[in-house]
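Have a look at the structure below, then the notes.
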Amino acid sequence: MVPFVRVKEALQAPIGTDLTVNGWVRTRRDVGRISFAEVNDGSCLRNIQVVIEEGVVSEEQLSQITTGACISVKGTLVESPAPGQPVELKAHSISILGPADAATYPLSKKRHSFEYLREIAHLRLRSNTFGAMFRIRNTLSFAIHRFFQERGFIYVHTPIITTSDCEGAGAMFGVTTLDLMNLPRTPDGAVDYSQDFFGKPAYLTVSGQLEAEAFALAFTNVYTFGPTFRAENSNTPRHLAEFWMIEPEMAFCDLDGNRKLAEEFLKYLIATVLDECHEDLELFNKWIDDTVLSTLEHVLNSPFEHITYTEAIKLLQESGQSFEYPPRWGADIQTEHERYLTETLFKRPVVVTDYPKEIKAFYMRLNDDGKTVRAMDVLVPRIGEIIGGSQREERYEVLLQRIRELGLDERNYWWYLDLRRYGSAPHSGFGLGFERMMMFVTGMKNIRDVIPFPRTPGNAEF
RNA sequence: UCCCCGGUAGCUCAGUCGGCAGAGCGGGUGGCUGUUAACCACUAGGUCGCAGGUUCGAGUCCUGCCCGGGGAGCCA
């Protein structure tokens, strides 16, 4: 290939530079004997305006420079005589790398609905919104690693396939090599999983937490950042069957330390995107939600509120609001309650801690009152719950009793209990849904539009 | 999974009381000496989601199904 520069660099090159740019045509305008093509290569939101004067390309070539076509332009960067852009690329020669039939190309230069773009997820990446989206997603991903690496956390690859049907985080996808049309059976008619690939039922992971705990009890501070799967039939703008989750886990850390890390982490990510993605964020602020930038700056500069579940219920009961589900101690905090707390009452992120044990998972540390556990949820405006975490139960006897109380099979937890039997330590961690963070940062209303190729009930195209 | 709303041209939508299938954008053709979601003129383009039913006649009314959106539950 001919050496080329990215559009982002080309736009900053000195006037008079000869260079080659490769990219995809967003639009072409003909005015008299001169043509203008907007070319984008994904390096930044801005296009470079390519000026094609008469005679530079043949009539046939020009007819192929259409919206969607991929071209390579050799030219000189010049000052633009017209307002709209400081510089433009005066073409000397253009080669058509990949034409795009204008009559059938599904992306027009005009705006499309997100529902339609979702049906062409392989091409929506060439739109302004999704270009900005996935540059922000990239920046956020790198910032996540940088945050933990700067603090000495070890990155752990927890397994994707698991035989622990025990995490209590919801329905799981089965993983099998058995012939579904001809399942082996045990004498009593059940499926004989001893003949399956792993010799027992296996699933896609719903969380790397339990394995991360094992690593925290050897490396002190660790984190995971990987795909997670939930087979729930959830049809909402906030749920995916396949999503990415960040799960730090820290030894010698109680719930207070956990809460403080969560706040520091969220603010670090917000500061990073404000600093590094301002141009892309402005697109979302202009077209998607004009409160995005002000909300991010507000959250960055506000201390998070901290209340206990018991206090939250009291505040909700005394609020004078009419809720569809009246707040009651022992019942879960509903979506409408979360929104009231974070959007109306405090107008900033709220951390709720110490929930009744009955509505939380078995591994959360039991408080001395015997009724609540050291759980925390971080609620943010517009999204609701963005982080869920807890201090883990590190006491062998207490954990074993909780497993038995809930009717779980303790044999499935043998290695998890071992961690409490040998060198246990107080430890804590949380999970951040990456796509929920993306929604919060961009203001997008549907989680299917912040992940490259969304998987939801009935939909796994691409 | 439950409740509500929707599905009409490539896209976004209008279509009144059951009586000839419409617009804008996009596409094509032509015009225009610097455009900026260019502009002007002309033009092509339809299994009205699918299957039944009611009716002289259904995009319109009824039933079932499929798909999409919003809300709820579950959660991240």
Side-chain angles (χ1 to χ4, degrees), chain A residues 26-38 46-54 63 66-68 78-85 88 90 100-120 127-128 167-171 206-209 226-247 262 287 323-325 331-336 338-339 359-361 377-380 383-389 430-440 445-451 456-459 461:
Chain A
R26 287 292 173 78
T27 176
R28 192 192 88 212
R29 297 179 287 269
D30 300 329
V31 185
R33 295 189 173 80
I34 196 168
S35 291
F36 301 91
E38 299 283 344
R46 296 186 65 121
N47 307 320
I48 191 165
Q49 174 163 279
V50 173
V51 183
I52 310 163
E53 292 179 338
E54 191 178 25
S63 72
T66 58
T67 301
V78 299
E79 269 185 74
S80 182
Q85 60 285 313
E88 60 192 23
K90 186 180 172 185
D101 177 20
T104 58
Y105 185 64
L107 267 180
S108 82
K109 62 185 104 174
K110 299 294 174 83
R111 284 178 68 77
H112 290 296
S113 67
F114 289 121
E115 291 79 17
Y116 170 67
L117 290 171
R118 227 171 274 153
E119 295 169 10
I120 49 167
S127 68
N128 288 337
E167 288 153 12
V206 295
S207 164
Q209 180 200 314
T228 308
F229 308 88
R230 304 277 167 92
E232 248 116 34
N233 192 7
S234 294
N235 293 287
T236 86
R238 300 184 306 283
H239 291 86
L240 290 165
E242 177 183 294
F243 63 100
W244 288 66
M245 191 152 62
I246 300 101
E247 296 177 289
W287 296 103
F323 293 113
E324 192 182 342
Y325 296 89
D332 230 327
I333 294 180
Q334 302 288 317
T335 302
E336 57 177 340
E338 294 177 351
R339 296 193 68 139
I359 57 174
K360 289 293 178 182
D377 284 355
V378 180
L379 315 177
V380 296
I383 307 296
E385 185 185 342
I386 197 167
I387 281 178
F430 63 80
L432 170 73
F434 186 46
E435 283 74 20
R436 293 217 177 144
M437 186 64 191
M438 283 293 300
M439 291 173 76
F440 181 63
K445 307 279 183 295
N446 194 312
I447 201 167
R448 299 165 194 211
D449 298 324
V450 302
I451 190 168
T456 52
N459 195 339
E461 194 67 51

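Quick caveat, the model's predicted, so the values are computed rather than measured. All heavy atoms count here, side chains included; hydrogens, waters and symmetry mates do not. The chains referred to below are lettered A, B, ... by the order of the sequence lines, with proteins before strands, and numbering in each begins at 1.
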Counting distance alone, no hydrogens or angles: does the base of B:C75 have a donor or acceptor under 3.5 Å from a partner atom on the side chain of A:His239?
yes

Euclidean distance for P, B:G27 against B:A21 (whole angstrom):
28 Å

Salt bridge (charged side-chain N to carboxylate O under 4.0 Å, His left out) partners of A:Arg118, counting only residues at least two apart:
A:Asp449

Answer yes or no: side-chain N or O of A:Ser234 and base N or O of B:C75 forming a donor-acceptor pair under 3.5 Å.
no

If you look at every heavy atom in A:Gly388 and A:Glu385, which pair is closest and at what distance?
CA-OE2, 3.8 Å

Given the P atoms of B:C42 and B:G71, what is the spacing between them in whole Å?
44 Å

How far does the P atom of B:A58 sit from the matching atom of B:A51, given to the nearest Å?
15 Å

Enumerate all atom pairs, one protein N or O and one N or O from nucleotides 47-50 of chain B, separated by less than 3.5 Å.
none

A:Glu435: what forms a salt bridge (charged side-chain N to carboxylate O under 4.0 Å, His left out) with it, not counting sequence neighbours?
A:Arg137

From B:G34, B:U12, B:A76, pick the nucleotide closest to the side chain of A:Ser113?
B:U12

A:Arg33 CZ - B:G34 P separation (whole Å)
11 Å

Atom-to-atom span, NZ of A:Lys360 to C1' of B:C74 - whole angstrom:
12 Å

Please work out if A:Leu240 contacts a base, only the sugar-phosphate, or nothing of the nucleic acid, heavy-atom cut-off 4.0 Å.
base

d(CD, A:Glu338; P, B:C75) in whole Å
11 Å

Nearest-Å distance once atom C1' is located in both B:C48 and B:G10:
16 Å

A:Asn233 has its side chain closest, among B:C74, B:U12, B:U1, to B:U1

Nearest heavy-atom contact between A:Ala37 and A:Ile52 is CB-CD1, 4.3 Å

Answer yes or no: is there a side-chain heavy-atom contact under 4.5 Å between A:Arg448 and A:Leu240?
yes

Between A:Lys445 and A:Ile34, which is nearer to the 5' end of RNA chain B once each is assigned its nearest nucleotide?
A:Ile34

Atom pair distance, as rounded to whole Å: CG in A:Leu432 and P in B:A76
11 Å

From OH of A:Tyr325 across to C1' of B:G71 the rounded distance in Å is 10 Å

Using atom CZ of A:Phe243 as one end and atom P of B:A76 as the other, report the distance to the nearest whole Å.
7 Å

For nucleotides 65-69 of chain B, tabulate all protein N/O to nucleotide N/O atom pairs closer than 3.5 Å, reporting atom names and distance.
{"residue": "B:G69", "atom": "OP1", "partner": "A:Arg118", "partner atom": "NH1", "Å": "2.2"}
{"residue": "B:G69", "atom": "OP2", "partner": "A:Arg448", "partner atom": "NH1", "Å": "3.3"}

Where the side chain of A:Arg436 is defined as all heavy atoms beyond and including C-beta, which of B:A76, B:C74, B:G34 is the nearest nucleotide?
B:A76

Taking B:G26 as the reference, what is the distance to B:U36 when you measure between their P atoms (whole Å, please)?
13 Å

A:Lys109: which residues meet the salt bridge (charged side-chain N to carboxylate O under 4.0 Å, His left out) condition with it, sequence neighbours left out?
none

Spacing between A:Leu107 atom CG and B:C11 atom P, to the nearest angstrom
12 Å

Could you pull out the closest heavy-atom pair between A:Thr27 and A:Thr67, with the gap in Å?
CA-OG1, 3.8 Å

Interatomic distance at C1', B:G31 relative to B:G69, whole Å
43 Å

In this structure, how many angstroms lie between the P atom of B:C4 and the CG atom of A:Asn235, rounded?
16 Å

Is it true that A:Glu38 and A:Arg29 make a salt bridge, defined as a side-chain N closer than 4.0 Å to a carboxylate O?
yes

Would A:Lys360 and A:Asp332 pass as an ion pair if we require N to O under 4.0 Å?
no

Do side-chain atoms of A:Glu336 reach the backbone of A:Glu324 as a donor and acceptor pair under 3.5 angstrom?
yes

Between B:A44 and B:U63, how far apart are the two P atoms, rounded to whole Å?
40 Å

Kindly indicate whether the side chain of A:Ile447, heavy atoms from C-beta on, has any atom under 4.5 Å from the side chain of A:Thr236.
no

Using only heavy-atom distances, determine whether the side chains of A:Ser207 and A:Glu247 contain a donor-acceptor pair under 3.5 Å.
yes

Are there any protein N/O atoms within less than 3.5 Å of an N/O atom in nucleotides 35-44 of chain B, and if so, which ones and at what distance?
{"residue": "B:U35", "atom": "O2'", "partner": "A:Arg29", "partner atom": "NE", "Å": "3.2"}
{"residue": "B:U35", "atom": "O2", "partner": "A:Arg29", "partner atom": "NE", "Å": "2.7"}
{"residue": "B:U35", "atom": "O2", "partner": "A:Arg29", "partner atom": "NH2", "Å": "2.9"}
{"residue": "B:U35", "atom": "N3", "partner": "A:Gln49", "partner atom": "OE1", "Å": "2.9"}
{"residue": "B:U35", "atom": "N3", "partner": "A:Gln49", "partner atom": "NE2", "Å": "3.1"}
{"residue": "B:U35", "atom": "O4", "partner": "A:Gln49", "partner atom": "NE2", "Å": "2.5"}
{"residue": "B:U35", "atom": "O4", "partner": "A:Gln85", "partner atom": "NE2", "Å": "3.0"}
{"residue": "B:U36", "atom": "O2", "partner": "A:Gln85", "partner atom": "OE1", "Å": "3.0"}
{"residue": "B:U36", "atom": "N3", "partner": "A:Pro83", "partner atom": "O", "Å": "3.1"}
{"residue": "B:U36", "atom": "N3", "partner": "A:Gln85", "partner atom": "OE1", "Å": "3.1"}
{"residue": "B:U36", "atom": "N3", "partner": "A:Gln85", "partner atom": "NE2", "Å": "3.4"}
{"residue": "B:U36", "atom": "O4", "partner": "A:Pro83", "partner atom": "O", "Å": "2.3"}
{"residue": "B:U36", "atom": "O4", "partner": "A:Gln85", "partner atom": "NE2", "Å": "3.4"}
{"residue": "B:A38", "atom": "OP1", "partner": "A:Lys109", "partner atom": "NZ", "Å": "3.3"}
{"residue": "B:A38", "atom": "OP2", "partner": "A:Arg29", "partner atom": "NH1", "Å": "2.9"}
{"residue": "B:A38", "atom": "N6", "partner": "A:Asp30", "partner atom": "O", "Å": "3.1"}

Please check the phosphate of B:G73 (OP1 and OP2 only) for any side-chain N or O of A:Thr335 closer than 4.0 Å.
yes

Interatomic distance, A:Tyr325 atom OH to A:Gln334 atom CD [nearest 0.5 angstrom]
6.0 Å

Nearest-Å distance once atom C1' is located in both B:U12 and B:G73:
33 Å

